[in-house]
Participant: 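Before we start, here is the structure in question, set down as structure tokens.
Note that these values count all heavy atoms, side chains included, but never hydrogens, waters or copies made by symmetry.
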Amino acid sequence: MQEETARAAIDTFISAFNASDESSVPVLLSQALTSDVVFWGPLGRSEGIAAVERFVLDIRRHPAGTGTMVRCSAVDMPDEWARYKWVFTTPDGGPRLAGTDVVHLRRSLIDQVIVFAGEIAPTAS
């Protein structure tokens, strides 16, 4: 049950990246995130749905064209924390970026997002 709730919030969050029009982005984010969400992204820490909305809109306006964000793993959820892998691909074989997000849930909504973009290189043995 708890993983289903997390999966629903995560999938709604991801759907904001793929919304048919930009006016749907804040609506989708408000269905997935708490109003005081803390977002740790590639450019640092920000707070609130408006900050996450700016990030999502920046991704949607990628110079290579509007891309597609998909969750490409199951949702792994020990207690109130969850993680999942994602892939962002731009059209026509453009840039592709993969990563892992870690999210914290409070009352069925995401109140913290930590974005790990890119792959981690293996250590030298």
Participant: Please tell me if the side chains of Ile10 and Arg71 come closer than 4.5 Å, counting only heavy atoms from C-beta onward.
Facilitator: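 Of all side-chain heavy-atom pairs linking Arg71 with Ile10, at least one is under 4.5 Å.
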Participant: Assess whether side chain to side chain contact (heavy atoms under 4.5 Å, CB included) is satisfied between Leu33 and Leu109, documenting all intermediate values.
Facilitator: CA-CA 5 Å; Leu33 309 174; Leu109 296 173; 6.0 Å; no
Participant: Does the side chain of Arg45 reach to within under 4.5 Å of the side chain of Val38, using non-hydrogen atoms?
Facilitator: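 The answer is yes, as the side chains (C-beta and beyond) meet within the 4.5 Å cut-off.
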Participant: Quick one: list whatever passes side chain to side chain donor-acceptor pair (under 3.5 Å) with Asp111, sequence neighbours left out.
Facilitator: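 By the side chain to side chain donor-acceptor pair (under 3.5 Å) rule, Asp111 matches His104, Arg106.
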Participant: Under a 4.5 Å cut-off applied to non-hydrogen side-chain atoms, are Phe55 and Pro42 in contact?
Facilitator: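 Contact flag for Phe55/Pro42 side chains = yes.
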Participant: So, for Arg60 and Ala16, which heavy atoms are closest and what is the spacing to 0.1 Å?
Facilitator: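 Result for this residue pair: NH1-O, 3.6 Å.
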Participant: Is it true that a side-chain atom of Gln112 and a backbone atom of Leu105 form a donor plus acceptor pair closer than 3.5 Å?
Facilitator: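 No: the side chain of Gln112 does not pair with the backbone of Leu105.
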Participant: Ala19 and Ser24: which non-hydrogen atoms are nearest, and at how many Å?
Facilitator: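 For Ala19 versus Ser24, the nearest heavy atoms are CB-CB, 3.9 Å.
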Participant: Would you mind writing out the side-chain donor-acceptor pairs for residues 84-100 within the sub-3.5 Å range, not counting sequence neighbours?
Facilitator:
unit_1	atom_1	unit_2	atom_2	d
Tyr84	OH	Asp101	OD2	2.8
Trp86	NE1	Asp101	OD1	2.8
Thr90	OG1	Pro95	O	3.1

Participant: Phe116 and Val102: side chain to side chain contact (heavy atoms under 4.5 Å, CB included), yes or no, with the steps?
Facilitator: CA-CA 8 Å; Phe116 293 94; Val102 176; 4.0 Å; yes
Participant: Would you check if Arg61 and Glu22 make a side-chain contact, meaning some heavy-atom pair closer than 4.5 Å?
Facilitator: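 Of all side-chain heavy-atom pairs linking Glu22 with Arg61, at least one is under 4.5 Å.
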Participant: Please step through side chain to side chain contact (heavy atoms under 4.5 Å, CB included) for the pair Gln31 and Leu28, ending with a clear verdict.
Facilitator: CA-CA 5 Å; Gln31 293 172 358; Leu28 291 165; 3.9 Å; yes
Participant: Heavy-atom distance under 4.5 Å between the side chains of Phe13 and Val52, does that happen here?
Facilitator: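 A side-chain contact under 4.5 Å exists here.
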Participant: Linking I/L/V/M/F/W/Y whenever their side-chain heavy atoms sit closer than 4.5 Å, directly or via other members, would Ile110 and Leu57 fall into one cluster?
Facilitator: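 Ile110 clusters together with Leu57.
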Participant: Quick check: closest heavy atoms across Asn18 and Ile14, and the distance to 0.1 Å?
Facilitator: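 Taking Asn18 first and Ile14 second, the nearest heavy atoms are ND2-O, 3.6 Å.
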Participant: Can you tell if the side chain of Leu29 reaches within under 4.5 Å of the side chain of Ile49, non-hydrogen atoms only?
Facilitator: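 Answer yes - side chains close enough.
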Participant: Under the side chain to side chain donor-acceptor pair (under 3.5 Å) rule, collect the residues that match up with Ser23, sequence neighbours excluded.
Facilitator: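 Ser23 satisfies side chain to side chain donor-acceptor pair (under 3.5 Å) with Asp21 only.
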Participant: Could you check whether any side-chain heavy atom of Val115 comes within less than 4.5 Å of a side-chain heavy atom of Trp40, counting everything from C-beta outward?
Facilitator: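 Not touching, per the 4.5 Å side-chain cut-off.
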Participant: How long is the straight-line distance from CG of Asp58 back to CD of Glu53, given to the nearest 0.5 Å?
Facilitator: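 It is 10.5 Å, given to the nearest 0.5 Å.
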Participant: Would you give the length of the straight line joining atom CZ of Arg54 to atom CG of Leu43, rounded to the nearest 0.5 angstrom?
Facilitator: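 Reported value, rounded in 0.5 Å steps: 11.5 Å.
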Participant: Supply the atom-to-atom distance Arg83 CZ to Ser73 OG, rounded to the nearest 0.5 angstrom.
Facilitator: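 Reported to 0.5 Å precision, the distance equals 8.5 Å.
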